[in-house]
Enquirer: 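The structure's right below; bear with me while I get my questions together.
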Amino acid sequence: MVLDNLGSSLKDALKKLANSSKIDKEVIDDVVKDIQRALIQADVNVKLVMKLSNQIKNRALTEAPPAGMNSKEHVLRIVYTELVNIVGKATPIKLEPQTIMMVGLQGSGKTTTTAKLARYFARKGLKPAVICADTYRPGAYDQLSQLCTKLGVTFYGERDNKDAVSIVRNGLKEIAKYDIKIVDTAGRHALETDLIQEMKDIYGLTDFDHKFLVLDAAIGQQASEQAKTFNEAIGITGVVITKLDGTAKGGGALSAVSDTNTSIAFIGVGETPEDLERFDPDGFISRLLG
Ligand code: GDP
């Protein structure tokens, strides 16, 4: 299940609200404190937590409940909508021909997500092809080509070429007739200057419709720094948060999205190519609190 620990602590906080005999400033402060604790434990950054708490408190203390809603339901509603607000809107994805560049650190789930995305678009009736531009991680070529074979997706790669930029240049010509072109770039363990340069060079080859940053849900507080660097280099158009099926805290990745003013496009919820979901802010928060 998605973010189990965060979900259960938030549910406890809301239960407290539901069980209180009256709604006053004291109760609201107490519940907001519990919500803050839950979010901080889940690695959501303090700035974002403070913003959310202030919004909840201000609204809960100043807004009158709409007709037909008691004050308890109203405050619950405020908490819910403010949580939906911090995860933001989903990245719009058009079901039309497009070129997508995948970036992220090594191990984030970039290659797996590339295959998942190819499958996603294929199921929508579009013809995908992928290019392996990860010349850095041994095995990346085989991993992606095998995933593509299993899915019946066209794969382009040059096993012995170490020049990612030329591979992408050649590949884009080769797969020109496909609807969806996905380029899987190299990740590293940290953001090194040559990696950023390589990304920029690939970025310069064509007009990418999307540049997706893949972030592991377990990444924690350093997520924001990484997202900023990637965003400054190539302009991220959407984030894919992977491994949300695990025990990860997830808040670091969520904060990174908010800090860079980007949005979440998809979430990864397992290792197989089917385990990709379109991000749905309302559904995500309902599931967390459900
Ligand atoms: P890359 O180095 O970024 O290309 O990472 P990979 O795509 O090779 O993924 C690293 C590991 O994470 C692999 O073992 C994947 O199976 C696993 N993985 C990727 N996405 C998910 C996910 O959404 N959930 C789970 N549980 N595992 C994932």
Side-chain angles (χ1 to χ4, degrees), residues 1-7 87 90-91 100-120 128 130-151 153 155-157 159 164 167-168 171 182-192 194-196 198-199 202 210-220 222-223 226-227 229-230 233-234 236 238-254 256-257 264-280 283-284 287-288:
M1 214 4 236
V2 173
L3 305 181
D4 272 343
N5 292 336
L6 174 59
V87 297
T91 311
I100 300 170
M101 177 172 175
M102 308 294 292
V103 300
L105 290 198
Q106 200 173 106
S108 58
K110 209 164 24 60
T111 302
T112 313
T113 306
T114 300
K116 287 176 174 179
L117 273 178
R119 179 186 179 275
Y120 173 85
V130 311
I131 299 174
C132 173
D134 186 349
T135 55
Y136 185 78
R137 177 164 65 89
Y141 178 101
D142 288 330
Q143 183 190 356
L144 191 54
S145 82
Q146 281 160 16
L147 280 167
C148 287
T149 305
K150 252 191 236 156
L151 293 169
V153 168
F155 168 84
Y156 182 88
R159 193 194 284 278
I167 297 174
V168 178
I182 310 175
V183 178
D184 185 19
T185 67
R188 304 278 163 96
H189 294 296
L191 282 164
E192 295 135 12
D194 58 337
L195 170 73
I196 298 289
E198 182 181 286
M199 254 173 16
I202 293 175
H210 273 299
K211 288 143 291 177
F212 287 148
L213 171 64
V214 181
L215 284 179
D216 184 328
I219 187 171
Q222 73 272 37
Q226 276 180 28
T229 313
F230 279 111
I234 57 161
I236 297 305
V239 172
V240 182
I241 303 184
T242 61
K243 309 184 196 179
L244 271 170
D245 51 307
T247 52
K249 295 171 168 182
L254 291 177
V257 173
I264 306 171
F266 292 94
I267 58 173
V269 291
E271 295 193 68
T272 74
E274 298 85 63
D275 297 322
L276 182 77
E277 292 177 11
R278 194 68 178 93
F279 179 63
D280 158 29
F284 185 81
R287 209 148 47 144
L288 207 56

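This is a predicted model, so every value here is computed, not measured. Each residue takes its place number in the sequence, starting with 1. Whatever order the structure lists them in is the order used to number ligands and atoms, beginning at 1.
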Enquirer: Q143 to ligand 1: N or O pair under 3.5 Å?
Expert: yes
Enquirer: Any nitrogen or oxygen of G109 lying under 3.5 Å from a nitrogen or oxygen in ligand 1? Just yes or no.
Expert: yes
Enquirer: What protein heavy atom lies closest to atom 22 (C) of ligand 1? Include the residue and the distance to one decimal.
Expert: G270 O, 3.0 Å
Enquirer: Measure from atom 23 (O) of ligand 1 to every heavy atom in M102, Q106, K243 and give the option owning the shortest one.
Expert: K243
Enquirer: Would you mind listing which atoms of ligand 1 come within a distance below 4.0 Å of any non-hydrogen atom of L105?
Expert: 3 (O)
Enquirer: Which heavy atom of C132 sits nearest to which heavy atom of Y141, and what is that distance?
Expert: SG-CA, 3.8 Å
Enquirer: Report the nearest protein non-hydrogen atom to atom 2 (O) of ligand 1: residue, atom name, distance rounded to 0.1 Å.
Expert: G107 N, 2.7 Å
Enquirer: Mark the output for G104 as yes if a heavy-atom distance to ligand 1 is under 4.0 Å, and as no if none is.
Expert: no
Enquirer: If you count the atoms of ligand 1 from 1 in the order shown, which ones are under 4.0 Å from a heavy atom of V269?
Expert: 23 (O)
Enquirer: Of the listed options (K116, E271, K110, R137), which comes nearest to atom 3 (O) of ligand 1 when hydrogens are ignored and any heavy atom counts?
Expert: K110
Enquirer: Given salt bridge (charged side-chain N to carboxylate O under 4.0 Å, His left out), test D184 with K110 step by step and report yes or no.
Expert: CA-CA 7 Å; D184 185 19; K110 209 164 24 60; 3.3 Å; yes
Enquirer: Identify the heavy atoms of A233 and I196 that sit nearest to each other, and give their distance.
Expert: CB-CG2, 3.7 Å
Enquirer: Ignoring hydrogens and geometry, is there a side-chain-to-backbone donor-acceptor pair from K116 to L276 under 3.5 Å?
Expert: no
Enquirer: Keeping D275 on the side-chain end and T272 on the backbone end, is there a donor-acceptor pair under 3.5 Å?
Expert: yes
Enquirer: Which pair of non-hydrogen atoms, one from I241 and one from A253, has the smallest distance, and what is that distance?
Expert: CD1-CB, 3.7 Å
Enquirer: Does only the side chain of E277 get under 4.0 Å from ligand 1, or the backbone, or both, or neither? Count heavy atoms.
Expert: neither
Enquirer: Using a 4.0 Å cut-off to any heavy atom of G268, which atoms of ligand 1 qualify?
Expert: 23 (O)
Enquirer: For atom 15 (C) of ligand 1, what is the nearest protein heavy atom, given as residue, atom name and distance?
Expert: T112 OG1, 3.6 Å
Enquirer: Give me the residue, atom name and distance of the protein heavy atom closest to atom 24 (N) of ligand 1.
Expert: D245 OD1, 2.8 Å
Enquirer: Could you verify whether a donor N or O on one side chain and an acceptor N or O on the other, from R137 and T111, lie under 3.5 Å apart?
Expert: yes
Enquirer: Note the single closest protein heavy atom to atom 4 (O) of ligand 1, along with its residue, its atom name and the distance in Å.
Expert: T111 OG1, 2.7 Å
Enquirer: Return the minimal non-hydrogen interatomic distance between D245 and G268, and the atom names on each side.
Expert: OD1-O, 4.0 Å
Enquirer: Tell me the closest heavy-atom pair linking E271 and T112, and the distance in Å.
Expert: O-CG2, 3.7 Å
